[in-house]
Amino acid sequence: MTDKPLDAALVWFRRDLRVDDQAALYHALTAARRVWCAFAFDTAILDPLPRADRRVEFILGAVTQLSADLGDAARRCGVEGVRLVVLHGDAVEEVVRLAQSLHVQAVYANHDDEPSALARDAKVRGRLADAGIALHTSKDHVVFERDEVLTASGTPYTVYTPYRTAWLRKLEPFFLKAYPTERYAAALAPVPQGIGVALPTLKHLGFEPTNLGELPVTAGSAGARALLLDFLTRIDAYDAARDYPGIKGPSYLSVHLRFGTLSIRAAARAAVEHIDAARREHRHTRGAEAWLSELVWRDFYHQLLHHHPHIVDHAMRPAYDKLRWEHGKEADAHFAAWSEGRTGYPLVDAAMAQINQTGWMHNRLRMVTASFLVKDLGIDWRRGERAFAEKLIDFDLAANVGGWQWAASTGSDAQPWFRVFNPVTQSAKFDPEGRFIRRYLPALAGLPDALLHAPWRSSPVELAAAGIELGRDYPEPIVDHEVARRRTLARYAAVREAPARRRAQAGAAV
């Protein structure tokens with residue numbers, strides 16, 4: 001194309017590490033005669049992380065494949081020497097410097113609505129503008145964003161069910177259509193000598209290897225595609241199987257959606273196509289519909305964060321900021337026991353072992369463990385949210401904050417404040433044969449299924465037969481659930497009753 005408005009452009013990859021169906025890449029390729037691509041290992045993000053972090057290792061693998069995929073796409077168009085320029089440093093400084101050195105007229109990137117990312121992008125936009133370079137950003141990581149799904153009165157939804165109804169009503173094939181990036185890959189330009197010569201190593205980035213290579217997690221778009229194809233063979237059972245951590249029920253695609261190695265449009269399109277095919281063949285659609293609903297939840301949490309950024313540090317409903325959480329040495333000891341999987345409640349402890357060993361946790365167990373921390377131990381949900389933020393390989397601020405506020409009953413569309421998950425009944429219901437518990441808590445493997453969910457209810461003879469001594473091989477429960485439940489109800493009731501008391505006092509004064 002000779003009628004393109006720009007001579008040169010730079011694509012700044014962030015949470016969109018793929019060539020296929022990538023909005024910013026498409027817009028750059030169709031607007032500029034020469035296009036370079038870059039990714040920045042941003043020290044503002046990396047420096048606070050633990051030195052062994054599975055996410056950094058995953059991103060490095062994804063960036064390595066992205067560079068190769070860009071080169072392959074260009075070669076199919078007869079262009080050699082194309083690769084990803086990988087930067088390491090302060091992203092604001094590095095991206096602006098690269099754009100200036102390449103003499104581009106515009107930088108293209110995709111939206112990131114996290115507060116810190118918006119602040120970063122504002123700095124980059126200003127610095128680029130000073131140099132006469134435009135910054136163009138696009139929607140890419142959700143199907144519908146920001147103000148695209150609003151109530152009839154033009155306000156953002158704060159309850160999921162009507163949001164889902166509106167989301168599905170708005171959905172048309174156009175919104176799931178892939179951006180045909182490879183069709184325009186001839187615009188990809190060889191990287192000039194001396195710019196970003198080699199991909200960094202973990203050591204160069206200041207990090208140590210993790211056990212990621214031993215886990216069933218393959219970084220990059222090829223791994224995402226393989227997982228999606230595998231999931232589609234069992235999607236019909238998703239609605240029932242997803243709640244049982246001991247079986248292969250989830251899609252396991254969350255990390256790929258988080259880092260954009262899988263397009264959200266491809267995921268939603270696969271669900272819709274499966275639903276349509278099932279209806280034509282008169283088969284049930286419950287599994288695919290349940291998965292599509294989970295993707296809608298993802299959009300819902302992102303639009304909540306966009307419209308209510310205060311939820312990162314404060315309750316969505318301000319009254320709940322007045323909850324009196326547990327503090328002091330005992331609370332700190334309880335938090336440590338929860339973090340390390342030493343609560344004495346097997347399902348909670350097995351779930352925490354899973355996240356500590358793998359960087360991932362089954363979604364049902366995210367709810368159970370969050371409820372336990374907040375409503376059994378009375379600990380501020382923000383402590384748990386930040387712990388998950390450090391450990392989860394698929395950590396996504398919008399979903400993590402949304403999920404924790406849901407469990408704590410402080411957010412929009414949260415579970416009722418008086419609903420407190422019972423970790424024993426949850427265990428018996430969703431891991432009835434103890435497959436998951438036995439995998440992560442082998443010390444309890446000898447207990448029969450009926451006793452596995454609450455070992456302290458076993459008789460001394462039953463414990464001895466299983467080779468278990470409570471307090472030595474496995475801890476006693478750190479709290480009594482029923483006592484904790486009553487304390488939680490009182491904690492929330494006090495907050496809810498305070499406004500009523502104030503109104504009554506005001507009325508009496510009049």
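Looking at every heavy atom in both residues, Tyr108 comes nearest to Ala28 through CD1-CB, 3.6 Å. Taking each heavy atom of Pro190 and Glu80 in turn, the nearest pair found is CG-O, 3.2 Å. Nearest heavy atom pair, residue Val104 against residue Ile133, reads O-CG1, 3.5 Å. In this structure, Lys391 and Met352 approach most closely via the heavy-atom pair NZ-CE, 4.3 Å. Across all non-hydrogen atoms, the minimal contact from Ala62 to Ala219 is N-CB, 3.8 Å. Scanning all heavy atoms of the two residues, the minimum distance from Asp20 to Thr181 falls at CA-OG1, 3.8 Å.
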Could you check Asp7 against Arg34 for salt bridge (Lys or Arg N to Asp or Glu O under 4.0 Å), going step by step and ending with a plain yes or no?
CA-CA 6 Å; Asp7 174 58; Arg34 295 180 298 154; 2.6 Å; yes
Given His141 and His111, is the ring-ring contact (aromatic ring centres under 6.0 Å, His included) satisfied, shown in steps?
CA-CA 8 Å; His141 70 283; His111 292 159; 7.8 Å; no
Take Phe231 and Tyr238, measure what ring-ring contact (aromatic ring centres under 6.0 Å, His included) needs, and give me the verdict at the end.
CA-CA 9 Å; Phe231 175 59; Tyr238 176 76; 5.6 Å; yes
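Between Tyr440 and Phe436, the ring planes are tilted. Angles from 30° to 60° get that label. Using cut-offs of 30° and 60° on the angle between ring planes, the pair Tyr157 and Tyr163 is perpendicular. Between Tyr301 and Trp297, the ring planes are tilted. Angles from 30° to 60° get that label.
The shortest side-chain heavy-atom distance between Leu347 and Gln426 falls under the 4.5 Å cut-off. Contact annotation: the side chain of Arg127 never approaches that of Arg97 to less than 4.5 Å [non-hydrogen atoms, C-beta and beyond]. At a threshold of 4.5 Å between non-hydrogen side-chain atoms, the residues Ile264 and Arg298 count as touching. By the 4.5 Å heavy-atom criterion applied to side chains, His274 and Arg269 are not counted as neighbours. Side-chain contact between His327 and Trp325 is present, with at least one heavy-atom pair separated by less than 4.5 Å. Looking at heavy atoms from C-beta onward, Arg120 lies out of side-chain contact with Lys123 at the 4.5 angstrom threshold. Glu148 has its side chain within reach of Lys139: a pair of non-hydrogen atoms, C-beta onward, lies under 4.5 Å apart. Between Tyr474 and Leu441 the shortest side-chain heavy-atom distance falls below 4.5 Å.
Of the N and O atoms on the side chains of Arg54 and Asn211, at least one donor lies less than 3.5 Å from an acceptor on the other residue.
Cation-pi geometry between Arg265 and Phe175 is not met: the NZ or CZ atom fails to fall both under 6.0 Å from the ring centre and inside 45° of the normal. The cationic group of Arg15 does not satisfy the cation-pi geometry with Phe259, failing either the under 6.0 Å distance to the six-membered ring centre or the 45° limit from the ring axis.
Side chain of Asn400 to backbone of Glu385: a donor-acceptor contact under 3.5 angstrom is found. Put simply, the side chain of Gln22 never gets that close to the backbone of Tyr179: no donor and acceptor are under 3.5 Å apart. Without hydrogens or angle criteria, Asp16 side chain to Gly260 main chain gives no donor-acceptor distance under 3.5 Å.
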